[in-house]
Colleague: 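Mind having a look at this structure? Questions to follow.
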Amino acid sequence: MKEIIQKDFEIYLGAEILEKLSEILINKEYSKIFILMDTHTHKYCWPILSPYLVNYVTIVIPAGEANKTLKYAEFIWEKFQDNFADRNAVLLNLGGGVISDLGGFCAATYKRGIDFINIPTSLLAMVDASIGGKLGLDFKSIKNSIGLFQHPKYILINPLFLKTLPEEEIRNGLAEVCKHAIIDDLSLFEKLAKKAELNWENAGNLIFQSLKIKAAIVKKDPEEKGIRKALNFGHTIGHAIESYSLINDKKPLKHGEAIAIGMICEAYMSHQLLGLSGKELNEISHYFLSRFPKYKREINFADLEDFLKNDKKNAAGQINFSLIKKIGKVKIDINCEDALIEKSLEFYTKLSA
Ligand SMILES: NC(=O)c1ccc[n+]([C@@H]2O[C@H](COP(=O)([O-])OP(=O)(O)OC[C@H]3O[C@@H](n4cnc5c(N)ncnc54)[C@H](O)[C@@H]3O)[C@@H](O)[C@H]2O)c1
Ligand SMILES: [Zn+2]
């Protein structure tokens, strides 16, 4: 079993996490154990976990981002209260990022905070959402607008859960795995570029290398005042494209698909502004174009302008970017001319034609 022990939380990865969980629950002597899952993780992941638990209360919510809401937060708090949860109770979040964001939020606010343990079951949650302590829910259609920072006590990762994760969800997480490589680790990028596909059997080491990067950045800057912004590479343009697609497409782009496009555009901007080599720009572009669906629409700056200008990462009215000097070397707080953003979108359109 691989591990990362930090002051606020511990991460364990491997098939042994199931026994590890039993051990933690016995040692901590929690007064009550709650398990939050969605309808999919209840069907596919709960049968793997349940043999390791005794005396618990399950809470199941419908799957999907549409349920990361106050309504389901109330539903979860109600379950805590109806089952007499006291401050020594614990919540296990068994699921993807929706479950860890929402469950973490409910646990961190119930009776001013009970412990929670993340058992991520999507690739995106294993390398990204379950780590870093950002918790919250969507409010009046604005994503993650209500929330707080609080770390889980433990993050227990078993790649076996990926066995039932749909292909497009694997790809969704892969975009973040690759983002971590691009901002911090050339050798990880090279490994990913060589791998035809990532699955539950071969993913363990790559997941560990990737989450180690996020954990180290979060440790340096827990509340995103500085270097944590590095994790936004590809996300300034990516989020704007994601929002644009949500309004304009019948089947909107998934987060990972949108940030894959964002990373190509922002790599182009890095080439123009920070001297990222043409060779590395091509490698990054090729990686995403060969693995992610191409966006059918031709998008330009005017389509994205409002989204870009409303981005919460901006300061003093300037659109803020995290770009790279080379693969593995990131630079934060870069402002770019609108014309360069337009050119980066043209670059993507030409490549994906
Ligand atoms: N807190 C953070 O730092 C952070 C970072 C990134 C993303 N997020 C949040 O995470 C969410 C996205 O996470 P996600 O992509 O995991 O979404 P998700 O939780 O909706 O999971 C995606 C889909 O996969 C299903 N699923 C999960 N594990 C499965 C398994 N093992 N087998 C079969 N199906 C399975 C889910 O039921 C769901 O339908 C968003 O709400 C985003 O805002 C948070
Ligand atoms: Zn992301």
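All ligand and atom numbering here is 1-based and tracks the order in the structure.
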Colleague: Side-chain contact, heavy-atom cut-off 4.5 Å: N320 with I334?
Modeller: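 No, every pair of side-chain atoms sits at 4.5 Å or beyond.
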Colleague: Sort and list the pairs that fulfil ring pair (Phe, Tyr, Trp, His ring centres under 6.0 Å) and have at least one residue in residues 242-263, not counting sequence neighbours.
Modeller: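 The answer is H235-H255, H239-H255.
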Colleague: Quick test of your reading of the model: are K111 and D86 salt-bridged, counting only N-O distances below 4.0 Å?
Modeller: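 No.
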Colleague: Within the 4.0 Å heavy-atom shell around Y44, which atoms of ligand 1 are there?
Modeller: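 What qualifies from ligand 1 is 33 (C).
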Colleague: Please indicate whether any nitrogen or oxygen in L124 is less than 3.5 Å from any nitrogen or oxygen in ligand 1.
Modeller: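 By distance alone, the answer is no.
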Colleague: Below 3.5 angstrom, do we get any N/O pair linking D38 and ligand 1?
Modeller: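 Yes.
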Colleague: Any chance the rings of Y56 and W46 have centres within less than 6.0 Å?
Modeller: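 Yes, they do, as the ring centres are separated by less than 6.0 Å.
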Colleague: Among the heavy atoms of K214, does any lie under 4.0 Å from an atom of ligand 1?
Modeller: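 So K214 counts as touching ligand 1.
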Colleague: Test the R291-Y287 pair against the cation-pi criterion, namely NZ or CZ under 6.0 angstrom from the six-membered ring centroid and within 45° of the ring axis.
Modeller: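 Positive - R291 is close enough to the ring of Y287 and near enough to its axis.
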Colleague: Tell me whether G97 has any N or O atom under 3.5 angstrom from an N or O of ligand 1.
Modeller: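 By distance alone, the answer is yes.
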Colleague: Report, in ascending order of atom number, the atoms of ligand 1 lying under 4.0 Å from any heavy atom of C45.
Modeller: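 Every atom of ligand 1 under 4.0 Å from some heavy atom of C45: 30 (C), 31 (N).
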Colleague: Can you tell me the protein heavy atom closest to atom 26 (N) of ligand 1 and the distance?
Modeller: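 Protein heavy atom at minimum distance: L165 CD1, 3.6 Å.
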Colleague: Identify the closest protein heavy atom to atom 30 (C) of ligand 1: which residue and atom is it, and at what distance?
Modeller: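 Answer, as residue, atom name and distance: T164 OG1, 3.5 Å.
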Colleague: Could you check whether any side-chain heavy atom of I157 comes within less than 4.5 Å of a side-chain heavy atom of P120, counting everything from C-beta outward?
Modeller: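 Counting from C-beta outward, I157 and P120 do come under 4.5 Å.
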Colleague: Below 4.0 angstrom from a heavy atom of F161, which ligand 1 atoms are there? Numbered from 1 as shown, please.
Modeller: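 Counting from 1, the qualifying ligand atoms are 30 (C), 31 (N).
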Colleague: Answer side chain, backbone, both or neither: which part of K134 comes under 4.0 Å from ligand 1, heavy atoms only.
Modeller: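 Answer for K134: both.
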Colleague: Is the shortest side-chain N to carboxylate O distance from D8 to K219 below 4.0 Å?
Modeller: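 No, no charged N to carboxylate O under 4.0 Å.
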Colleague: Measure from the side-chain N and O atoms of D184 to the backbone N and O of H180, and report whether any donor-acceptor pair falls under 3.5 Å.
Modeller: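 Flag not set: sc D184 to bb H180 has no pair under 3.5 Å.
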Colleague: Would you compute the distance between atom CG of L188 and atom CD1 of I183 and round it to the nearest 0.5 angstrom?
Modeller: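 One gets 10.5 Å once the value is rounded to the nearest 0.5 Å.
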Colleague: Distance to 0.1 Å, residue and atom name: give those for the protein heavy atom nearest to atom 16 (O) of ligand 1.
Modeller: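 Here the nearest protein heavy atom works out to S122 OG, 2.6 Å.
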Colleague: In ligand 1, which numbered atoms sit nearer than 4.0 Å to a non-hydrogen atom of N144?
Modeller: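 Taking each heavy atom of N144 in turn, ligand 1 has 43 (O) under 4.0 Å.
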Colleague: Using 30° and 60° as the class limits, which term best fits the ring planes of H40 and Y44: parallel, tilted or perpendicular?
Modeller: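 H40 vs Y44 ring planes: tilted.
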Colleague: Give the table of side-chain donor-acceptor pairs shorter than 3.5 Å for residues 345-353, with sequence neighbours excluded, one pair per line with atom names and distance.
Modeller:
unit_1: Y348; atom_1: OH; unit_2: Y295; atom_2: N; d: 3.1
unit_1: T349; atom_1: OG1; unit_2: L345; atom_2: O; d: 2.9
unit_1: S352; atom_1: OG; unit_2: Y348; atom_2: O; d: 2.9
unit_1: S352; atom_1: OG; unit_2: T349; atom_2: O; d: 3.4

Colleague: Atom 20 (O) of ligand 1: which protein heavy atom is closest, and how many Å away?
Modeller: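 For this ligand atom, the closest protein heavy atom is V98 CG2, 3.4 Å.
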Colleague: Closer than 4.0 angstrom, basic N to acidic O: yes or no for D338 and K309?
Modeller: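 Yes.
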Colleague: How would you list all residue pairs meeting ring pair (Phe, Tyr, Trp, His ring centres under 6.0 Å) that involve residues 113-167, not counting sequence neighbours?
Modeller: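 Only F9-H151 qualify under ring pair (Phe, Tyr, Trp, His ring centres under 6.0 Å).
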Colleague: Determine, for E257 against R171, whether the closest basic-nitrogen to carboxylate-oxygen distance falls under 4.0 angstrom.
Modeller: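 Here E257 pairs with R171 in a salt bridge, since their nearest N and O are under 4.0 Å apart.
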Colleague: Should the proximity of D101 to ligand 1, defined as any heavy atom under 4.0 Å, be assigned to the side chain, the backbone, both, or neither?
Modeller: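 Side chain only.
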Colleague: For the Zn ion (ligand 2), which protein N/O/S atoms fall under 2.8 Å? Skip waters.
Modeller: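 E176 OE2, H235 NE2, H255 NE2, with waters left out.
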Colleague: With heavy atoms only and a cut-off of under 4.0 Å, state how E176 meets ligand 1: side chain, backbone, both or neither.
Modeller: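 E176 to ligand 1: no contact under 4.0 Å from either part.
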Colleague: Determine whether the side chain, the backbone, both or neither of N172 has a heavy atom under 4.0 Å from any heavy atom of ligand 1.
Modeller: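 For N172, only side-chain atoms sit under 4.0 Å from ligand 1.
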Colleague: Under 4.0 Å from any heavy atom of K68, which atoms of ligand 1 are there?
Modeller: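 Every atom of ligand 1 under 4.0 Å from some heavy atom of K68: 40 (C), 41 (O), 42 (C), 43 (O).
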Colleague: In terms of residue, atom name and distance, what is the protein heavy atom nearest to atom 40 (C) of ligand 1?
Modeller: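 In this structure, atom 40 (C) of ligand 1 has E65 OE1, 3.1 Å as its nearest protein heavy atom.
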Colleague: Here's one to test your reading of the geometry: is the NZ or CZ of K179 within 45 degrees of the ring axis of F233 and under 6.0 Å from its centre?
Modeller: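 No, cation not above the ring by the 6.0 Å, 45° rule.
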Colleague: Looking at G96, which atoms of ligand 1 are within less than 4.0 Å of one of its heavy atoms?
Modeller: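 Here the atoms of ligand 1 in question are 16 (O), 19 (O).
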Colleague: Among all protein heavy atoms, pick the one closest to atom 25 (C) of ligand 1 and tell me residue, atom and distance.
Modeller: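 Here the nearest protein heavy atom works out to H40 ND1, 4.0 Å.
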Colleague: Among protein heavy atoms, which sits nearest to atom 27 (C) of ligand 1, and what does the distance come to when rounded to 0.1 Å?
Modeller: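 Protein heavy atom at minimum distance: T121 OG1, 3.5 Å.
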Colleague: Give the numbers and elements of all ligand 1 atoms closer than 4.0 Å to a heavy atom of K143.
Modeller: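 Listed by number with element, the hits are 40 (C), 42 (C), 43 (O).
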Colleague: Under a 4.0 Å heavy-atom limit, does A129 contact ligand 1 with its side chain, its backbone, both, or neither?
Modeller: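 Both parts.
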Colleague: What about the rings of F80 and F34, do their centers lie closer together than 6.0 Å?
Modeller: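 Yes.
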Colleague: For ligand 1, which is the ligand I care about here, please tell me if D128 has any N or O atom under 3.5 Å from one of the ligand's N or O atoms.
Modeller: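 Min N/O separation from ligand 1 is not below 3.5 Å for D128.
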Colleague: Tell me if a side-chain donor or acceptor on S210 pairs with a main-chain N or O of I207 at a distance below 3.5 Å.
Modeller: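 No, S210 side chain to I207 backbone: no donor-acceptor pair under 3.5 Å.
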Colleague: Would K214 and D128 pass as an ion pair if we require N to O under 4.0 Å?
Modeller: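 Counted as a salt bridge, because a side-chain N and a carboxylate O are separated by less than 4.0 Å.
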